[in-house]
Number of protein chains: 2
Amino acid sequence: MAAEEQSASIDPNRPMNILDALCPSRDVLVDLADKWVLLMLASLRESGVQRYSELQRSLGGISRKMLSQTLRTLERDGLVLRTVDVKMAPPLVLYELTELGREIAEETRALCTWTEKRTATVYEARAAYDRR
Amino acid sequence: MAAEEQSASIDPNRPMNILDALCPSRDVLVDLADKWVLLMLASLRESGVQRYSELQRSLGGISRKMLSQTLRTLERDGLVLRTVDVKMAPPLVLYELTELGREIAEETRALCTWTEKRTATVYEARAAYDRR
DNA sequence: CGCGAGTCGTCTCCAGAGGAGACCATACCT
DNA sequence: AGGTATGGTCTCCTCTGGAGACGACTCGCG
């Protein structure tokens, strides 16, 4: 563990401010502001519950390493619930959003739909920029 | 430029799907799903227009390198407008959101406010996870 | 019965991204 | 003259992310 600049503990009197590098909320944002996290939230929001390998096929292009890592981050943050059925072999592992996870997945939905809707516009802007 | 798996050109017939690694929209999402991008959108949304050094002070903890890099990405994507006043010395450089940028900054607002509101809950979830 | 395939991961290796800090030209303030 | 500010770029160096191997187990197929 590095002696890096660590966010202070939560002080109910000081308002949360994402722009402040030392605010605890910055720490949470860092977890969320990630390609795989947003895609995972989207996939689990649509499908309800998925197993490990289903998620891998669903999130096109994700490696097993990032799949495990992202799932554990979200599980630790209380956004994803992991359930193992030990009776099965190979074990059946299921992932689904918690109530908190469903909340944030709802908030990030707009980001995804905007992206899909505006992709063509962004592509045109890029082409125009590159032409200069 | 690597011969990496590149997103295909835009086909109006095929619907956009962020979960597809080859869909052009994935490419746009990758630009947006970034800590500094979300913070920059938030800062410019609040302040309207800011100069380079103001932005650096506003986005707590950002390095000049990432500031320049993020600004150029957003400018290329058509989300940020850069204006230079050459008459000034040292030159006055201003950054502001374009119309497209204001659109996406509006969509990401919910993500930021949710984060600030739910930070305490996430911190509790992390503590509970780490205790096990 | 042996073989390939599927499940749910972990481990190692390597290239690339991100952060820290130096450097630069210019101009203003004291 | 020296310190400060502006808007960057450039060079390190570390850390992260992706590719791919490996593992233990079980099922279906021929």
Side-chain angles (χ1 to χ4, degrees), chain A residues 1-7 21-22 26-27 29-40 43-44 49-76 80-96, chain B residues 1-7 21-22 26-27 29-40 43-44 49-76 80-96:
Chain A
M1 57 190 66
E4 62 198 7
E5 148 181 313
Q6 186 57 28
S7 54
L22 298 177
R26 171 69 73 89
D27 214 61
L29 184 74
V30 165
D31 273 10
L32 296 176
D34 176 90
K35 173 177 59 166
W36 298 126
V37 166
L38 294 183
L39 292 175
M40 192 169 287
S43 179
L44 288 175
V49 55
Q50 276 178 300
R51 46 198 304 185
Y52 187 82
S53 51
E54 284 174 332
L55 270 168
Q56 189 183 13
R57 279 185 292 269
S58 177
L59 311 195
I62 196 172
S63 67
R64 292 172 183 290
K65 178 187 174 185
M66 288 315 295
L67 183 60
S68 303
Q69 197 170 300
T70 306
L71 281 167
R72 223 163 292 126
T73 301
L74 295 187
E75 194 192 350
R76 187 170 105 100
V80 157
L81 180 68
R82 185 184 119 118
T83 320
V84 190
D85 189 343
V86 209
K87 297 186 299 296
M88 309 287 289
L92 174 65
V93 183
L94 292 176
Y95 294 94
E96 62 190 309
Chain B
M1 57 190 66
E4 62 199 6
E5 148 182 312
Q6 186 57 28
S7 54
L22 299 176
R26 170 69 73 90
D27 214 60
L29 183 75
V30 165
D31 273 9
L32 297 176
D34 176 89
K35 172 177 59 167
W36 297 126
V37 166
L38 294 183
L39 293 174
M40 191 169 288
S43 179
L44 288 174
V49 56
Q50 276 178 301
R51 47 197 305 185
Y52 186 82
S53 51
E54 284 175 332
L55 269 168
Q56 188 183 11
R57 279 186 293 269
S58 177
L59 311 197
I62 196 171
S63 67
R64 286 178 154 70
K65 178 186 173 185
M66 287 315 295
L67 183 60
S68 303
Q69 195 170 303
T70 306
L71 280 168
R72 222 160 294 126
T73 301
L74 294 187
E75 195 192 349
R76 188 170 104 99
V80 158
L81 180 68
R82 184 185 119 117
T83 321
V84 190
D85 188 343
V86 208
K87 298 184 298 295
M88 310 287 289
L92 174 63
V93 183
L94 292 177
Y95 294 95
E96 61 190 310

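None of these values were measured; they are calculated from a predicted model.
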Measuring only between side-chain heavy atoms, which start at C-beta, is B:L39 closer than 4.5 Å to B:K35? yes
Taking only the side-chain heavy atoms of B:R57 (C-beta and beyond), determine which of C:dG9, D:dT6, D:dG7 contains the nearest atom. D:dT6
Pair B:V37-B:D31, side-chain contact (heavy atoms from CB on, under 4.5 Å): steps then yes or no: CA-CA 8 Å; B:V37 166; B:D31 273 9; 5.9 Å; no
Round to a whole Å and report the spacing from CE of B:M66 to P of D:dC10. 16 Å
Atom pair distance, as rounded to whole Å: CG in A:L55 and P in C:dT7: 12 Å
OP1 or OP2 of D:dG20 sitting under 4.0 Å from any side-chain N/O of A:S63? no
Could you work out which one of C:dG9, D:dC10, D:dG8 sits closest to the side chain of B:K65? D:dC10
Roughly, in whole Å, what's the span from CG in A:L67 to C1' in D:dG17? 14 Å
Between C:dA17 and B:W36, is there an OP1 or OP2 to side-chain N/O distance shorter than 4.0 Å? no
Measure from CG on A:L71 to P on C:dT10 and round the result to the nearest Å. 10 Å
How about B:E96 and B:L44: do any of their side-chain heavy atoms sit closer than 4.5 Å? no
Can a side chain N or O of B:Y95 be found less than 4.0 Å away from OP1 or OP2 on D:dG8? yes
Whole-Å distance, A:E75 CD to C:dC8 P, equals 15 Å
State which of D:dA19, C:dG19, D:dT6 makes the closest approach to the side chain of B:R51. D:dT6
Test item: B:S58 side-chain N/O and B:E54 main-chain N/O as donor-acceptor pair under 3.5 Å: no
To the nearest 0.5 Å, atom CZ of B:R82 lies from atom CZ of B:R76 at 16.0 Å
Once you round it to whole Å, what is the distance between P of C:dA17 and NZ of B:K35? 16 Å
Any base atoms under 4.0 Å from A:L92, or only sugar-phosphate, or nothing? Heavy atoms, all strands. sugar-phosphate
Rounded to the nearest Å, what distance is computed from the CZ atom of residue A:R64 to the P atom of nucleotide D:dC22? 15 Å
Nearest to the side chain of A:S53, heavy atoms from C-beta on, is which of D:dA19, C:dT7, D:dT9? C:dT7
Spacing between A:D34 atom CG and D:dT16 atom C1', to the nearest angstrom: 11 Å
